[in-house]
Structure formats: structure tokens, C-alpha cells
Amino acid sequence: MKPTKVIISLIILTLAAMMPWIIKEKTEFSPPLTESAESENIIWEKPEIGILQEIEPKPLSKFPSKITVLKANEITAINIRELPSSDSKSLGVVYGDLVNVEIIKNLDNGYTEVKCRDYRTMKPICGFVPTEYIQEVDLNEKFGVIVDLSEQKVDIYENDKIIKTFSCSTGLDENNCSTPEGLYRIGERGDSFYSPNYKQGGYYWVRFNNNYLFHSVPFDENKKIIEEEAEKLGQKASHGCIRLSLDDALWFYNSMPRGTPVIITD
């Protein structure tokens, strides 16, 4: 056989032996199916909504559901003692059951250490009261009031949504006339009052801390609105109370139930 024919025969035999390997390699390294080809072979299932599906949490309320106060009439002063003893020095007083007190520690001798504000100076104090005076009370969970001292406004909430915003006048910063910050609850109310000391009165008062009240812009001894004072609405002008317009004060008087939380903040 001639050399050329031998070489050709060897090439043909080699190719024949390699054919299965070449076909296998093409199969293993063939390009992926196109998107349209894949979609023909996949059955898409609608995802099921399981019982454990994540639910968006309800936002926290701006207002607490309870408040810790002192067990006394809302116009009764309770001494906050320097030491856990009845004959210890008084650091200040808190009036009745409308003002939040923060519990620091309960002692074994019948006293509780609390943090609060002295009514006379409105400065923070820490001291002791008999544990029997400590009580936790429920707040009205439908309504809430936030007084913004810097903005001179009162926001009224119903079910955690603002339903009304009132312009107000809170206490002047000088001469201990400022309106005290803190957490309170609404108490008693009345049609009107008059202060001979200030020669002013107000309609539709609602108490939140002894003599600190929500009420209308002031009137004189003849129960006539003092226009000069009424024009100050929206800026600090009172002796510590929270003044509202006559109409807003009437609405507040009629609509805000006892136990409604009041947050006063700067």
C-alpha cells in the first residue's frame, strides 16, 4: 500500500474513534436555552399567602395607657421628703392625682423614691413619699393632647390621629410663669373663674395641674374679653395656664373627657 493511502486510512480511523467523544462534548457544553425556550418548560405557580406572612406592625401610640400618680385629691398637696421619713425635710410638693411621678425604687420601710417636679418652682426633684400614696391609673385611650411650647400650639388626637390644632398662649418665661413640661391627665372643669391677684379670669377652664388650666383668653372684672390679651394668642403671654380662643376653649371644655393624657413639651 502506498504511504499516502496509509496516512489517509489512519486519519479516517482516528476520526471514527473520536466521534462519540466529540458528540458528548457538544452536548455537555451546548449553549443554555433561551428565555423563551425555558418558559415553555417551566410551570409557574402562584405563590401562596401563608398564615405566617409578615404583617406590618401597628405604630406605637404617642400616649401611654396608664400613668403613675399620687393618691390624693387633684388640689391636695403631697410633700416630697428628702429622706424616707415623715419628719424629713420637704423638697417640694406635688398636687393630687393628675401629675405623673416616676418611680425610682420601692423601699421596705413603707416609702417609695420618686422623681417629679416641685409645684412651686417646677424644677425636677427626687425624694420620698409613703408607698400608700402611689397608684397607677388608666388614661383615656381615645383622646390625647400635646402642647408644643416652642410652636405655641395644641394638637388634639383621636385614636392617634390629629383631629384639631389650636393656637395657644402658654406661660411667660420670666418670673416663674412658664408652663411646666411633663405628662398630666385632665381633671375637673368649670364655666369660668376670676383671679383678684391677676385681675383676670377665663371661660371654660379645664384643670391639668392644680391652678394650671386650659381656658379661654382672659376677661376683666366685668367678664369682658381683654382684646389686648386676646391678640397675643400664638405667643407666650400667660401666668402659666394654656390660653385658647373662646371657641376653642369651649370645644375643649365640652370634648376632652377626664383622664385624657396631656403631654407638654418644648
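Along the sequence shown, residues are numbered consecutively beginning with 1.
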Could you tell me whether E74 and R207 make a salt bridge, using a distance below 4.0 angstrom between a side-chain N and a carboxylate O?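 Here E74 pairs with R207 in a salt bridge, since their nearest N and O are under 4.0 Å apart.
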
Hey, is D118 close enough to K123 for a salt bridge, meaning N to O under 4.0 Å?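 No.
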
Taking the side chain from [X] and the backbone from [Y], do they hold a donor-acceptor pair closer than 3.5 Å?
X	Y	answer
D220	N222	yes
T179	G240	yes
N175	C177	no

Does [X] [atom1] have over 12 foreign heavy atoms under 6.0 Å away?
X	atom1	result
E221	CD	yes
Y133	OH	no
D266	CG	yes
N254	CG	yes

What side chain to side chain donor-acceptor pair (under 3.5 Å) pairs are there with at least one residue in residues 182-191, not counting sequence neighbours?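 Passing the test, one end in residues 182-191: D97-R185, E188-R258, D191-Y253.
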
Could you walk me through whether S195 and N197 pass the side-chain hydrogen bond (donor to acceptor under 3.5 Å, both in side chains) check? CA-CA 5 Å; S195 170; N197 184 34; 5.0 Å; no

Looking only at heavy atoms, what is the nearest atom pair of [X] and [Y], with distance?
X	Y	result
M122	N209	CE-ND2, 3.6 Å
A237	R243	O-NH2, 3.6 Å
S88	L83	OG-N, 2.8 Å
L91	G127	CD1-CA, 4.1 Å
N106	I103	OD1-CG2, 4.2 Å
L139	P261	CD1-CB, 3.8 Å

Could you tell me whether the side chain of [Y] reaches within less than 4.5 Å of the side chain of [X], counting heavy atoms only?
X	Y	answer
C241	F214	no
P130	E132	yes
I156	M256	yes
F128	L107	yes

Which residues share a salt bridge (charged side-chain N to carboxylate O under 4.0 Å, His left out) with D248, sequence neighbours left out: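 With neighbours one apart ignored, the set is empty.
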
In Å, rounded to the nearest 0.5 Å, how long is the span from [atom1] of [X] to [atom2] of [Y]?
X	Y	atom1	atom2	result
C116	L70	SG	CG	7.0 Å
C168	I242	SG	CD1	6.5 Å
F63	K142	CZ	NZ	14.5 Å
K71	E136	NZ	CD	12.0 Å
L183	F208	CG	CZ	11.5 Å
S216	F193	OG	CZ	7.5 Å

[X] side chain to [Y] side chain, donor-acceptor N/O pair below 3.5 angstrom:
X	Y	answer
K223	S192	yes
T112	T131	yes
D247	S245	no
T260	N140	no
T165	D155	yes
T170	Q152	yes

Assess the residue pair C126 and V114 against the criterion (side-chain contact (heavy atoms from CB on, under 4.5 Å)); give the C-alpha distance rounded to whole Å, side-chain angles, the decisive distance to 0.1 Å, and a yes or no. CA-CA 6 Å; C126 288; V114 298; over 6 Å; no

Please tell me whether Y204 and F252 form a close aromatic pair, meaning their ring centres lie under 6.0 Å apart.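 Y204 vs F252: aromatic centres not under 6.0 Å.
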
Suppose we call two aromatic rings close when their centres sit under 6.0 Å apart. Are Y95 and Y119 close by that rule?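 Y95 vs Y119: aromatic centres under 6.0 Å.
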
For side-chain contact (heavy atoms from CB on, under 4.5 Å), just list the numbers for Q135 and V69, CA-CA rounded to whole Å, side-chain angles, deciding distance to a tenth of an Å, and then say yes or no. CA-CA 6 Å; Q135 66 174 342; V69 297; 3.7 Å; yes

ILVMFWY network linking [X] to [Y], side-chain heavy atoms under 4.5 angstrom:
X	Y	value
V147	I263	no
V145	L233	yes
I146	L213	no
Y212	V262	yes
L244	L149	yes

Going through the checks in order, is the side-chain hydrogen bond (donor to acceptor under 3.5 Å, both in side chains) test met by D173 and S178? CA-CA 5 Å; D173 292 328; S178 60; 5.5 Å; no

Go through the structure and list residues passing side chain to side chain donor-acceptor pair (under 3.5 Å) with E113, not counting sequence neighbours.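 Testing E113 for side chain to side chain donor-acceptor pair (under 3.5 Å), a comparison that skips the adjacent residues, returns none.
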
Mind telling me whether F219 and Y203 have parallel, tilted or perpendicular rings, with 30° and 60° as the class edges?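 Rings of Y203 and F219: tilted, as their planes differ by 30° to 60°.
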
Does K62 form a side-chain contact (heavy atoms from CB on, under 4.5 Å) with Y157? I'd like the steps, not just the answer. CA-CA 9 Å; K62 293 180 180 294; Y157 287 77; 3.4 Å; yes

